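What follows is a set of notes on a single structure, which appears directly below.
These numbers come from a predicted model, not from an experiment.
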Amino acid sequence: MTNFKQRVISCAKQIPRGRAASYGQVAAAAGNPRAARQVGGILRTLGPGSKVPWWRVINNQGYISIKGNWNADKNLQRELLAGEGIEVSDDFRVDMKKYRFIFN
DNA sequence: ACGGTGACACCAG
DNA sequence: TCTGGTGCCACCG
């Protein structure tokens with residue numbers, strides 16, 4: 001477990017319920033604003049059962065960019081976000097202006 | 001050690 | 001607003 005990965009996990013856990021953060025935001029909070037892509041990869045490797053609220057991490061455009069067979073999880077993510085009060089459109093889009101979480 | 005890969009971000013049309 | 005191209009950098013084989 002590299003330091004960076006651990007940091008990303010730590011930052012992701014800081015995202016409170018009902019808020020969402022972009023990969024770039026998490027990467028920046030982890031210390032590498034340019035390593036946004038790795039954040040996604042890291043969250044993916046964590047897999048289910050992890051204590052990390054991966055569903056609160058989305059891209060800066062405000063939508064979920066999961067590809068491949070993750071359609072089911074994509075739908076699940078929408079359910080989770082909706083359960084926290086975050087509105088998700090039919091196109092899986094989230095209003096980041098309203099729900100964006102600012103790291104301290 | 002090296003090169004391919006990717007749950008992204010940013011800039012230009 | 002959307003699309004396409006470019007840059008970035010940690011992870012894995």
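- Of the candidates dA9(B), dC2(C), dC12(C), the closest approach to any side-chain atom of R93(A) belongs to dC2(C).
- Rounded to whole angstrom, the span from the CZ atom of R44(A) across to the C1' atom of dT5(B) amounts to 13 Å.
- Rounded to a whole Å, the CZ atom of R37(A) is 12 Å from the P atom of dC9(C).
- For the pair F92(A) CZ and dA7(B) P, the interatomic distance rounds to 17 Å; values are reported in whole Å.
- Atom CG of N59(A) is separated from atom P of dC2(C) by 13 Å (rounded to the nearest Å).
- N32(A) has its CG atom 8 Å from the P atom of dC9(C), to the nearest Å.
- For L43(A), the side-chain atoms get nearest to dA7(B) when compared with the rest of dC12(C), dA7(B), dA9(B).
- The cluster map of Ile, Leu, Val, Met, Phe, Trp and Tyr, joined by side-chain heavy atoms under 4.5 Å apart, puts V39(A) and L80(A) in the same cluster.
- Between L46(A) and W54(A), the closest side-chain pair of non-hydrogen atoms is not below 4.5 Å.
- Regarding R56(A), its CZ atom lies at a distance of 17 Å from the C1' atom of dA7(B), rounded to whole Å.
- Distance Q77(A) CD to dA7(B) P: 13 Å, rounded to the nearest Å.
- The side-chain heavy atoms of L76(A) and W55(A), taken from C-beta on, include no pair separated by under 4.5 Å.
- Using a 4.0 Å cut-off between charged nitrogen and carboxylate oxygen, R56(A) and E84(A) count as a salt-bridge pair.
- In the set dA7(B), dC12(C), dC9(C), dC12(C) carries the atom at the smallest distance from any side-chain atom of T45(A).
- The distance between atom CD of Q61(A) and atom C1' of dT3(C), rounded to the nearest whole Å, is 10 Å.
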